[in-house]
Engineer: 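Quick one: structure below, then a few questions.
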Amino acid sequence: MALLPILEFPDPRLRTVAKPVAQVDDRIRTLIDDMFETMYDAPGVGLAATQVNIHEQIIVIDTSEDKNEPLVFINPEIEVLDEDLLGYEEGCLSVPGFYEEVTRPSHVKVNALGRDGKPFTLEPDGLLAVCIQHEIDHLKGKLFVDYVSNIKRQRIRTKLEKQHRSKA
Ligand code: QAP
Ligand code: CO
């Protein structure tokens, strides 16, 4: 097992569009295990492969209280089920220290492959529905800060760039 370095906004590599996984093999399963270790260590509730600079369609999520309900989504496809929207104060391991309200569809259906390579379907709601949409955005090169005002996003960018400079 290994902790993977997490890319931080505004790193341009976070804008890369991920490719589908052709075969769920041991290389992919090792990556998934390392992604869970990295997410639990942070700690976070969701992590997309994009955030660890791997541009393949893989997401790990655990929104459970006791951190014992790991979910894996490979090549996820999402469908919006109705017009209902849900506002949620989102954060991101790639935007540390910043939280903003984002509004998204509240009822979605997700088709994906699991860690075993087998297809499954889920109809999440609440935090899980928000989290899956946030993570699928990462696979498309999109970040939650893209939904906030230009002025807020620019402030976040400047503060994180300053932190990155003082760490370098
Ligand atoms: C995405 O985000 C998410 O700023 C997952 O300093 C978040 O796990 C979806 C984290 C909320 C829906 C709602 C953020 C950790 C973790 C930080 C995360 C931080 C340390 C974020
Ligand atoms: Co994120």
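Here, residue 1 is the first one in the sequence, and each next residue gets the next number. What you see below is based on every heavy atom in this structure, not just the backbone, and it leaves out hydrogens, waters and symmetry mates. Each ligand, and each atom within it, is numbered from 1 in the order the structure gives.
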Engineer: Is there a side-chain contact between V108 and E79 in this structure, where contact means two heavy atoms from C-beta onward sitting under 4.5 Å apart?
Structural biologist: no
Engineer: Students should be able to answer this: which protein heavy-atom is nearest to atom 16 (C) of ligand 1, and at what distance?
Structural biologist: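 Nearest neighbour among protein heavy atoms for atom 16 (C) of ligand 1, to 0.1 Å: L93 CD2, 3.5 Å.
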Engineer: Nearest 0.5 Å, what's the CD1-CG distance between I78 and N111?
Structural biologist: 10.0 Å
Engineer: In terms of residue, atom name and distance, what is the protein heavy atom nearest to atom 18 (C) of ligand 1?
Structural biologist: V45 N, 4.0 Å
Engineer: One residue to check: V95. Relative to ligand 1, which of side chain, backbone, both or neither has a non-hydrogen atom less than 4.0 Å away?
Structural biologist: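 The part of V95 near ligand 1 is the backbone, not the side chain.
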Engineer: Would you call the rings of F36 and Y40 parallel, tilted or perpendicular, where under 30° means parallel and over 60° means perpendicular?
Structural biologist: parallel
Engineer: Of the side chain and backbone of A42, name the one, both, or neither that has a heavy atom under 4.0 Å from an atom of ligand 1.
Structural biologist: neither
Engineer: Which atoms from ligand 1 have a heavy atom of G46 less than 4.0 Å away?
Structural biologist: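 Checking each atom against G46, I get 5 (C), 8 (O).
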Engineer: For atom 11 (C) of ligand 1, what's the nearest protein heavy-atom neighbour? Residue, atom name and distance, please.
Structural biologist: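 Going by distance alone, atom 11 (C) of ligand 1 is nearest to G91 N, 3.7 Å.
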Engineer: Looking only at protein heavy atoms, which one is nearest to atom 6 (O) of ligand 1, and how far off is it?
Structural biologist: G97 N, 3.3 Å
Engineer: Where is the nearest protein heavy atom to atom 9 (C) of ligand 1: which residue, which atom, and how far?
Structural biologist: C131 CA, 3.8 Å
Engineer: At less than 4.0 angstrom from any non-hydrogen atom of L127, what atoms of ligand 1 do you find?
Structural biologist: 12 (C), 13 (C)
Engineer: What protein N, O or S atoms come within a distance below 2.8 Å of the Co ion (ligand 2), ordered by chain and number?
Structural biologist: C92 SG, H134 NE2, H138 NE2
Engineer: Is the closest heavy atom of C92 to ligand 1 under 4.0 Å?
Structural biologist: yes
Engineer: Starting from atom 19 (C) of ligand 1, which protein heavy atom do you reach first, and at what distance in Å?
Structural biologist: Y99 OH, 3.4 Å
Engineer: For the pair E161 and R165, find out whether any cationic side-chain nitrogen is under 4.0 Å from an anionic carboxylate oxygen.
Structural biologist: no
Engineer: Could a heavy atom of F144 be found less than 4.0 Å from some atom of ligand 1?
Structural biologist: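 Under 4.0 Å: no for F144.
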Engineer: Quick one: pull up CZ in F9 and CG in L143 and give me the separation to the nearest 0.5 Å.
Structural biologist: 6.5 Å
Engineer: Nearest to atom 12 (C) of ligand 1, what protein heavy atom do you find, and at what distance?
Structural biologist: V130 CG1, 3.6 Å
Engineer: Under 4.0 Å from a heavy atom of E135: which atoms of ligand 1 are those, numbered in the order shown and with their elements?
Structural biologist: 1 (C), 5 (C)
Engineer: Please say whether the positively charged group of K152, taken as NZ for Lys or CZ for Arg, lies over the ring of Y147, i.e. under 6.0 angstrom from the six-membered ring centre and within 45 degrees of the axis.
Structural biologist: no
Engineer: With a 4.5 Å limit on heavy-atom distance, are the side chains of I58 and V21 in contact?
Structural biologist: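 In short, these two side chains touch, coming nearer than 4.5 Å.
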Engineer: Return yes when atom NZ of K67 has more than 12 non-hydrogen atoms of other residues, nucleotides or ligands closer than 6.0 Å, and no otherwise.
Structural biologist: yes
Engineer: With backbone taken as N, CA, C and O and side chain as the heavy atoms from C-beta onward, which portion of Y88 lies under 4.0 Å from ligand 1: side chain, backbone, both, or neither?
Structural biologist: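 For Y88, only side-chain atoms sit under 4.0 Å from ligand 1.
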Engineer: Hey, are the side chains of M39 and V45 touching, using non-hydrogen atoms and a 4.5 Å cut-off?
Structural biologist: no
Engineer: Between F73 and I61, what is the shortest heavy-atom contact and its length?
Structural biologist: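 Closest heavy-atom pair between F73 and I61: CE1-CD1, 3.9 Å.
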Engineer: Taking non-hydrogen atoms only, is M39 closer than 4.0 angstrom to ligand 1 via side chain, backbone, both or neither?
Structural biologist: neither
